[in-house]
Amino acid sequence: MRIGIVLYPTFGGSGVVATELGKALAKKGHQVHFISYSQPVRMDAFQENVFFHEVNIPSYPLFDFAPYEVALTSTLVRTALFESLDLIHVHYAIPHAPAAFMAREILKKKGLNVPFITTLHGTDITLVGKDQSYEPVISFAMNQSDCLTAVSNYLKEETLKHFDVDREIQVVYNFIEPEQYQAPGDDCLKRYTAPHGEKIITHISNFRKVKRVQDIVKAFALIRKETPVRLLMVGDGPERNMAESLARDLGVHDDTVFVGKIKNSTQVLPCSDLFFLPSDSESFGLSALEAMACGVPVIATRAGGMPEVQIHGQTGYLSNVGDYEDMAKNALDLLTNEARYALFSAASKKRAELFHLNTIVPQYEALYQKVLEAKTQAI
Ligand code: GMT
């Protein structure tokens, strides 16, 4: 198949899933055309069957806000025409689904039928999408999608609760390639972070409010009182400064390393002992799954789709949102009990296998096939 994939090129989970999906499809012989405003971070090397089309947005003094959606639609139309795309798969509804809808209608006028699949990732529904500034357009574009998927049952239910969706939503979980996470990680980072062999607690995110990074620092301050441990904070975003000052206020800044953005989590996670994800809401929690694939148990919140990924008391622990004391207690339970830690670590690896790329990617291929069959019947 010739597949156009529209995505955010940044470190966010939706972009990572979209890029890894495209790379996996290309390996299976499909031709994949990524479309975004800059090259996706995880698309870092030449790969057979993989192409990238940058959306250019010409500036003009009249535009206080550059019309990205129009430029994206035009890029989709051109790519579909010149590369003979069979279908377009958009990741994150805003503004990708409306752009794909418009491209499909323009292409119809040119005698081409190019269906589109929308995958909902989380904040496009739970935070941003349901805002009345976007809701009518996003509802319309979801209903117009030739296929609509969500990355967890939780996200499917949230979508049905908040939007007037009249079409079936298929749940296709996020995935990883566990083999990528089996390498030992970056030894230099480990030595730098924990020079005396301390345990390492890691968090990776975009440091937005929804991630509640302050809870990590508060929990860490409690854990550090009891056992030698260091905190490795990976990523950057609006809450980072606040987290750094809180670490100073609580006297744990010297034991905390803020490394900023790192392209590939496989460098970081294998060096870690525990992964923290105390979010307010998390439709899936891809970074937690990545940690599990390395055998790193997860301390997270009982929020959103997390319980579909994490098994409380087996692969880590889930606490109520904001209960950092419980998170600290759970972390200590694992860091100070080698036998229990080994059990949780093994269970994490085993559970991560359920989300193997080899299981999930064929689910997307089957949906593509279904959409293409419907297209043939419509002709
Ligand atoms: O977490 C973010 O803010 C990034 C966001 C995105 O769209 O890139 O992540 C969402 O999609 C990921 C991939 O499907 C999920 O693993 C995350 O749970 C989800 N984030 C939220 O729901 C907050």
Participant: Answer yes if the side chains of His312 and Gln310 hold a donor-acceptor pair under 3.5 Å, and no otherwise.
Facilitator: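 Short answer, no.
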Participant: Within a 6.0 Å radius of atom CZ on Phe63, are there more than 12 heavy atoms belonging to other residues, nucleotides or ligands?
Facilitator: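 Count over threshold, so yes.
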Participant: What are the two closest non-hydrogen atoms of Tyr173 and Ser152, and how far apart are they?
Facilitator: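 Between these two residues, the closest heavy atoms are CE2-CA, 3.9 Å.
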Participant: Going by heavy atoms in the side chains, are Leu81 and Val77 under 4.5 Å from each other?
Facilitator: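 Yes, side chains in contact.
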Participant: Between Thr202 and Leu269, is there a donor-acceptor pair closer than 3.5 Å when you use the side chain of the first and the backbone of the second?
Facilitator: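 Flag not set: sc Thr202 to bb Leu269 has no pair under 3.5 Å.
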Participant: Exactly one of Asp146, Leu87, Asn113, Leu367 should register a side chain to side chain contact (heavy atoms under 4.5 Å, CB included) with Leu372. Which one does?
Facilitator: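 When side chain to side chain contact (heavy atoms under 4.5 Å, CB included) is applied between Leu372 and each of Asp146, Leu87, Asn113, Leu367, only Leu87 qualifies.
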Participant: Do Val16 and Phe11 have side chains that approach each other closer than 4.5 Å (heavy atoms only, starting at C-beta)?
Facilitator: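 When only atoms from C-beta onward are counted, Phe11 and Val16 do not touch, as no gap falls below 4.5 Å.
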Participant: Side chains of Val309 and Glu282: does their closest heavy-atom pair fall under 4.5 Å?
Facilitator: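 No, too far: nothing below the 4.5 Å cut-off.
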Participant: Side chains of Thr118 and His96, heavy atoms from C-beta outward: is any pair under 4.5 Å?
Facilitator: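 No, side chains not in contact.
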Participant: Is a donor from one side chain sitting under 3.5 angstrom from an acceptor on the other, for Thr123 and Tyr92?
Facilitator: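 Note: Thr123 and Tyr92 side chains meet the donor-acceptor criterion.
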Participant: Begin from the C-alpha positions of Leu274 and Lys199 and carry the test side chain to side chain contact (heavy atoms under 4.5 Å, CB included) through to its verdict.
Facilitator: CA-CA 8 Å; Leu274 280 185; Lys199 300 277 192 224; over 6 Å; no
Participant: CE/Met1 to CG/Leu25 distance, rounded to the nearest 0.5 angstrom?
Facilitator: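 One finds 8.0 Å between CE of Met1 and CG of Leu25.
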Participant: Under a 3.5 Å distance rule, please check whether Glu69 uses its side chain to pair with a backbone N or O of Pro67 as donor and acceptor.
Facilitator: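 Not at all, since once roles are kept as given, no pair shorter than 3.5 Å links the two residues.
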Participant: For the residue pair Ala300 and Met306, what are the closest heavy atoms and their distance?
Facilitator: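 Minimum heavy-atom separation between Ala300 and Met306: CB-CE, 3.6 Å.
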Participant: Shortest non-hydrogen contact from Val151 to Ser283?
Facilitator: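 In this case the closest contact between Val151 and Ser283 is CG2-OG, 3.6 Å.
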Participant: With no hydrogens and no angle check, do the side chains of Gln144 and Arg104 hold a donor and an acceptor under 3.5 Å apart?
Facilitator: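 Short answer, yes.
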Participant: Between Asp86 and Arg2, is the salt bridge (charged side-chain N to carboxylate O under 4.0 Å, His left out) condition met? List the steps.
Facilitator: CA-CA 5 Å; Asp86 292 308; Arg2 289 165 167 259; 5.7 Å; no
Participant: Is any side-chain heavy atom of Asp326 closer than 4.5 Å to a side-chain heavy atom of Asn320?
Facilitator: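 Not touching, per the 4.5 Å side-chain cut-off.
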Participant: Please evaluate residues Lys261 and Asp236 with respect to the criterion salt bridge (charged side-chain N to carboxylate O under 4.0 Å, His left out), reporting the C-alpha separation (whole Å), side-chain torsions for both, the decisive distance (0.1 Å), and the verdict.
Facilitator: CA-CA 6 Å; Lys261 292 176 182 173; Asp236 213 329; over 6 Å; no
Participant: Provide the closest heavy-atom pair for Ala303 versus Ser279 in the form atom of the first, atom of the second, distance.
Facilitator: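 Looking at all heavy atoms of both residues, the shortest contact is CB-O, 3.8 Å.
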Participant: Is the count of non-hydrogen atoms from other residues, nucleotides or ligands lying under 6.0 Å from Asp164 atom CG greater than 12?
Facilitator: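 No, not enclosed.
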Participant: Is the shortest side-chain heavy-atom distance between Tyr154 and Thr126 below 4.5 Å?
Facilitator: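 Yes, at least one pair of side-chain atoms sits under 4.5 Å.
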Participant: Identify the heavy atoms of Ile94 and Tyr8 that sit nearest to each other, and give their distance.
Facilitator: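 Closest pair (atom of Ile94, atom of Tyr8, distance): O-OH, 2.8 Å.
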Participant: Give a yes or no on whether Leu357 and Val50 share a hydrophobic cluster (residues Ile, Leu, Val, Met, Phe, Trp, Tyr; joining criterion: side-chain heavy atoms under 4.5 Å apart).
Facilitator: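 Linked, Leu357 and Val50 end up in one cluster.
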Participant: Apply side-chain contact (heavy atoms from CB on, under 4.5 Å) to Val252 and list each qualifying residue two or more places apart in sequence or on a separate chain.
Facilitator: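 Per chain and number, Val252 pairs via side-chain contact (heavy atoms from CB on, under 4.5 Å) with Val217, Phe220, Ala221, Arg224, Ala247, Leu250, Thr256.
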Participant: Under 3.5 Å, is there a donor-acceptor pair between the side chain of Thr315 and the main chain of Ala347?
Facilitator: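 Here the side-chain-to-backbone pair does not exist.
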Participant: Within the side chain of Thr227, is there an N or O that forms a donor-acceptor pair under 3.5 Å with the backbone of Ile223?
Facilitator: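 Not at all, since once roles are kept as given, no pair shorter than 3.5 Å links the two residues.
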Participant: Answer yes or no: are there more than 12 heavy-atom neighbours, outside Lys370 itself, under 6.0 Å from its atom NZ?
Facilitator: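 Atom NZ in Lys370 is not crowded, with 12 or fewer foreign heavy atoms closer than 6.0 Å.
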Participant: State, yes or no, whether a side-chain contact exists between Leu334 and Tyr341 at a heavy-atom distance under 4.5 Å.
Facilitator: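 A side-chain contact under 4.5 Å exists here.
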Participant: Just wondering, do Glu83 and Phe51 contact through their side chains at under 4.5 Å, heavy atoms?
Facilitator: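 When only atoms from C-beta onward are counted, Glu83 and Phe51 do not touch, as no gap falls below 4.5 Å.
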Participant: Verify whether one side chain among His89 and Thr119 offers a donor that lies under 3.5 Å from an acceptor in the other.
Facilitator: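 A pair is found: one side chain offers a donor N or O, the other an acceptor, under 3.5 Å apart.
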Participant: Under a 3.5 Å cutoff, is there a donor and acceptor pairing between the side chains of Ser139 and Glu135?
Facilitator: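 The answer is yes; a qualifying pair exists.
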Participant: Rounded to the nearest 0.5 Å, how far apart are CZ of Phe344 and CD1 of Ile311?
Facilitator: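 Atom-to-atom, Phe344:CZ and Ile311:CD1 are 11.0 Å apart.
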Participant: Show your reasoning for whether salt bridge (charged side-chain N to carboxylate O under 4.0 Å, His left out) applies to Lys161 and Glu157.
Facilitator: CA-CA 6 Å; Lys161 210 190 294 173; Glu157 293 311 319; over 6 Å; no
Participant: My understanding is that only one of Val234, Ile200, Thr193 makes a side chain to side chain contact (heavy atoms under 4.5 Å, CB included) with Val268; could you say which?
Facilitator: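 Considering Val234, Ile200, Thr193, a side chain to side chain contact (heavy atoms under 4.5 Å, CB included) with Val268 is found only for Val234.
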Participant: At their closest point, which heavy atom of Lys349 faces which heavy atom of Ala293, and how far apart are they?
Facilitator: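 Nearest heavy atoms, Lys349 then Ala293: CG-O, 3.7 Å.
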Participant: Got more than 12 heavy atoms from elsewhere within 6.0 Å of NZ, Lys225?
Facilitator: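 Incorrect, the count does not exceed 12.
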Participant: Tell me, with the steps shown, if Lys156 and Glu308 meet salt bridge (charged side-chain N to carboxylate O under 4.0 Å, His left out).
Facilitator: CA-CA 13 Å; Lys156 172 180 171 174; Glu308 293 175 58; over 6 Å; no
Participant: Is it the case that over 12 heavy atoms from other parts of the model lie below 6.0 angstrom from the CD atom of Glu179?
Facilitator: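 Result for CD/Glu179: enclosed.
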Participant: Run the side chain to side chain contact (heavy atoms under 4.5 Å, CB included) test on Asn49 and Lys27 for me, step by step, so that the C-alpha distance in whole Å, both residues' side-chain angles and the decisive distance to 0.1 Å come before the verdict.
Facilitator: CA-CA 8 Å; Asn49 289 332; Lys27 262 195 204 152; over 6 Å; no
Participant: Report yes if the distance between the aromatic ring centroids of Phe355 and Phe284 is under 6.0 Å, otherwise no.
Facilitator: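 Distance test on ring centres: under 6.0 Å, yes.
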